[in-house]
Amino acid sequence: MIDLRRLSQDADYRHGAERKGATAENIDTLLAAESRRLETMQTAESLRAASNKASKEIGRANPEERADKIAAASELKQQLTQAESDLAAAEEEVKTLSLEVPNPAHESVPDGGEEDYRVEKTVGDKPAAPKFSHSELGEHLGIVDSERAVRMSGSRFAYVKGDAVRLQFALVQWAISKATAHGFIPVIPPVLVREEMMELAGFFPTDRNQVYELEQDELFLIGTAEVGLAGLHRQERLQLDELPLRYAGYSSCFRREAGTYGKDTAGLFRVHQFDKVELFSYTTAETSWDELELIRQLQEEIVGGLELPYQVITVASGDLGAAAAKKYDIEVWLPSEQRYRELTSCSNYTDYSARRMSTRVVGEDSTELAHTLNGTACAIGRTMLNIFENHQQEDGTVVVPEVLRPFCGLEVLSAVG
RNA sequence: GGAGAGGUGACAGAGCGGCCGAAUGUGCCUCCCUGCUAAGGAGGUGUGCCUCCGGGUACCGUGGGUUCAAAUCCCACCCUCUCCGCCA
């Protein structure tokens, strides 16, 4: 949720929201609704004050005065009921309209849409197309079996087998050890959550059709560990000296991938179920921008440590999503497609998400909303497939990155069986 | 899945429909006393929102209801705990 007071008073803030697609009309309508809400709230509260006062007098009144006083209080109560329903309507309107206004973009974010990102840096050499694409390689070695998974569960599922499993666990261990070194606390969150948590974490209603629902139990399968980490300190007041609070959540993630028919159908690139280590930080307003850089740096350490060629981009304002004020993506060169594909991303949500969650920081002499950030430490499936291609030798064998060897004891991936 | 108990402030734990934002105890903060510490004494100690900065208002698991008035009565839901069953 945006800061309505600031939206009405801070021109830069307002401009940031407009850069993300909120129209002047959206904003003015919202602000008008907000001032109506404040007005009706004041009316309702003063009526309630009068009503409370009248009620208290009844308790102290003589028996013979009671009837009159009750009648008078009853009259006030009717007015109050009306005022309260006006207020509820005004609040509803503000709530609905505020969903249309995204978290303002940071000044360093370029204008434009999906294509208008800014490349911040490029690292590593881009290999030529490999002998096997990642999906061919998986089938070739028998370590990713999509064909049988179709029988089991349908398209966009896979059996991961043999050395791919060992590689997966090595990646998890490696990523978590890197994150831990930066103070991130490892967490395994629940993968099934209530509807309310999906809303509070900002995934509902927007991404509702991307989420699996277990109707019988009214629970939802998370699409990322971010859900559990964002909700960890809901309605809590964090102490300034315990910040930043950093978490690295490891979980399976489930996505329906609605509306992606025909895209990336082969291999592990886009599947309904995958594992991921997700970073999440709670900070103050003063430190969140530094924290974003820290997360990005950690992500680069991970991707770079795996010796994958990548570029870092700053996502343009129109492609940010509602919550992010700024977002970096790390895109890895995928040799079979001869282009960069997204592997990780990290965002500063500033206070937008914390406002909805009511996560606050108690300072020296004031309490303010926390700033939250999140980022991918390692999307296992996608990282593996990037290794399959970028570390593939001319003969089609795949060399395991140095840093993972202590964790899996493999130098080269072998075929199953 | 079956049976029962319960959800009140940092914690423990009271609370007749009005004088309850809520006793009391512990903890915490300030001060006094005191070689130090402990003990003892005095005062203070929740959060959100609105504000003409005087205040006002809301919150006792959540949401409804009854009433002039609800922590207190009614309904539904959620959660926790105990026992039994099942189980990685």
Side-chain angles (χ1 to χ4, degrees), chain A residues 1-9 30-95 97-98 188-201 204 213-220 227-228 231-242 245 250-252 282 285 351-370:
Chain A
M1 255 175 73
I2 17 110
D3 184 338
L4 290 168
R5 183 164 294 203
R6 198 168 160 203
L7 190 65
S8 72
Q9 293 168 354
L30 171 61
L31 290 177
E34 170 64 1
S35 64
R36 257 195 315 282
R37 185 185 75 84
L38 289 177
E39 236 171 78
T40 46
M41 186 169 87
Q42 280 165 32
T43 311
E45 286 202 349
S46 58
L47 274 168
R48 194 177 291 128
S51 180
N52 284 348
K53 196 168 166 234
S55 290
K56 282 188 178 166
E57 278 172 19
I58 293 168
R60 296 186 220 104
N62 301 321
E64 57 272 22
E65 294 170 342
R66 277 184 108 93
D68 285 352
K69 293 206 179 233
I70 288 175
S74 189
E75 171 63 27
L76 273 171
K77 177 65 189 309
Q78 275 189 19
Q79 293 178 38
L80 175 59
T81 306
Q82 178 58 48
E84 278 176 338
S85 92
D86 291 349
L87 177 59
E91 281 173 346
E92 189 56 38
E93 201 186 355
V94 170
K95 195 181 161 196
L97 291 167
S98 65
I188 299 178
V191 295
L192 285 166
V193 302
R194 295 164 192 277
E195 181 169 21
E196 190 187 16
M197 273 306 163
M198 284 294 196
E199 285 170 1
L200 290 169
F204 283 5
E213 175 171 4
L214 279 76
E215 217 166 307
Q216 194 173 1
D217 300 284
E218 294 181 73
L219 289 169
F220 298 80
V227 179
L232 205 49
H233 295 296
R234 185 190 166 200
Q235 283 178 355
E236 286 185 28
R237 299 162 66 240
L238 307 172
Q239 298 303 311
L240 191 58
D241 58 18
E242 61 183 343
L245 263 174
Y250 169 67
S251 80
S252 290
Y282 291 87
D351 63 4
Y352 193 81
S353 176
R355 181 170 292 106
R356 198 167 31 208
M357 281 288 182
S358 297
T359 301
R360 296 185 155 77
V361 180
V362 184
E364 280 293 303
D365 35 35
S366 70
T367 299
E368 54 180 43
L369 289 164

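Quick caveat, the model's predicted, so the values are computed rather than measured. Numbered from 1 within each chain, the chains take letters A, B, ... in sequence-line order.
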| What's the spacing between Ser51(A) OG and Lys56(A) NZ if we round to 0.5 Å? | 11.0 Å

| rC29(B) versus rU37(B) - spacing of their P atoms, nearest Å | 14 Å

| field | Selected nucleotide, minimal atom distance to Ser55(A) side chain, candidates rG18(B), rC49(B), rG56(B) | value | rG18(B)

| How far, in whole Å, is rC20(B) from rC31(B) if one measures between their P atoms? | 32 Å

| Is the closest side-chain heavy-atom distance between Glu199(A) and Arg356(A) below 4.5 Å? | no

| said: With rounding to the closest Å, how many angstrom separate the C1' atoms on rG54(B) and rU45(B)? | reply: 24 Å

| query | Given rC50(B), rC49(B), rC19(B), which nucleotide is nearest the side-chain atoms of Leu38(A)? | reply | rC50(B)

| request: Find the distance Glu34(A):CD to rC49(B):P and express it as a whole number of Å. | output: 12 Å

| query | What distance do Arg36(A) atom CZ and Asp86(A) atom CG have between them, rounded to the nearest 0.5 Å? | reply | 11.5 Å

| Euclidean distance for P, rG46(B) against rG21(B) (whole angstrom) | 15 Å

| Paired stems touching RNA chain B, three or more consecutive Watson-Crick or G-U pairs with both distances under 3.5 Å? | B:1-7 with B:78-84, B:10-12 with B:24-26, B:27-32 with B:40-45, B:46-50 with B:55-59, B:61-65 with B:73-77

| query | For Glu45(A), which contact category applies under a 4.0 Å heavy-atom criterion: base, sugar-phosphate, or nothing? | reply | base

| Atom CG in Leu214(A), atom CZ in Phe220(A): separation rounded to 0.5 Å? | 9.0 Å

| Could you give the CG-to-P distance, from Asn52(A) to rG21(B), as a whole number of Å? | 9 Å

| said: Would you say CD1 of Ile188(A) has more than 12 non-hydrogen atoms from neighbouring residues, nucleotides or ligands within 6.0 angstrom? | reply: no

| field | Distance in Å, Leu38(A) CG paired with Arg5(A) CZ, rounded so as to fall on 0.5 Å steps | value | 7.5 Å

| message | Distance check needed: rC68(B) C1' versus Leu80(A) CG, whole Å only. | response | 11 Å

| task | For rC11(B) and rG7(B), measure between their P atoms and round to the nearest Å. | result | 15 Å

| message | Whether Arg237(A) contacts rU47(B) is assessed here as follows: a side-chain N or O lying under 4.0 Å from the phosphate OP1 or OP2. Is that the case? | response | yes

| Separation between the C1' atoms of rC81(B) and rG61(B), rounded to whole Å | 15 Å

| said: Does Ala54(A) reach a base, just sugar-phosphate, or nothing at all? Heavy atoms under 4.0 Å. | reply: nothing

| message | I'd like the P distance from rC74(B) over to rA70(B), given in whole Å. | response | 15 Å

| said: What verdict does the salt bridge (charged side-chain N to carboxylate O under 4.0 Å, His left out) test give for Arg37(A) and Glu34(A), after you've listed the backbone C-alpha separation in whole Å, the side-chain angles of each residue and the deciding distance to 0.1 Å? | reply: CA-CA 5 Å; Arg37(A) 185 185 75 84; Glu34(A) 170 64 1; 2.9 Å; yes

| query | Which nucleotide sits closest to the side chain of Arg194(A): rC68(B), rC78(B), rU57(B)? | reply | rC78(B)

| query | Which whole-number value in Å describes the distance from Leu219(A) CG to rC78(B) P? | reply | 11 Å

| field | Spacing of Leu76(A) atom CG relative to rU67(B) atom P, expressed in whole Å | value | 17 Å

| field | Taking every non-hydrogen atom, the tightest pair across Ala33(A) and Leu97(A) | value | CB-CD1, 3.7 Å

| query | For the pair made of CG in Leu238(A) and P in rA10(B), what is the distance, rounded to whole Å? | reply | 14 Å

| Separation of atom CZ in Arg37(A) from atom C1' in rU51(B), rounded to whole Å | 14 Å

| task | Select from Gln42(A) and Ile70(A) the residue whose nearest nucleotide in RNA chain B is closer to the 5' end of that strand. | result | Gln42(A)

| task | Kindly determine whether Arg48(A) and Glu84(A) satisfy salt bridge (charged side-chain N to carboxylate O under 4.0 Å, His left out), including the steps that lead there. | result | CA-CA 9 Å; Arg48(A) 194 177 291 128; Glu84(A) 278 176 338; 2.6 Å; yes

| field | Whole-angstrom distance between rG63(B) and rC79(B), as gauged at atom C1' | value | 14 Å

| said: Within the 4.0 Å heavy-atom criterion, would you say Arg5(A) contacts the bases, only the backbone, or no part of the nucleic acid? | reply: sugar-phosphate

| Per Lys77(A) side chain, nearest of listed nucleotides rC19(B), rA69(B), rU57(B) | rA69(B)

| message | Within 90° of 0 counts as syn, otherwise anti: where does rG54(B) fall? | response | syn

| query | In whole angstroms, how far is the P atom of rG56(B) from the CG atom of Leu47(A)? | reply | 16 Å

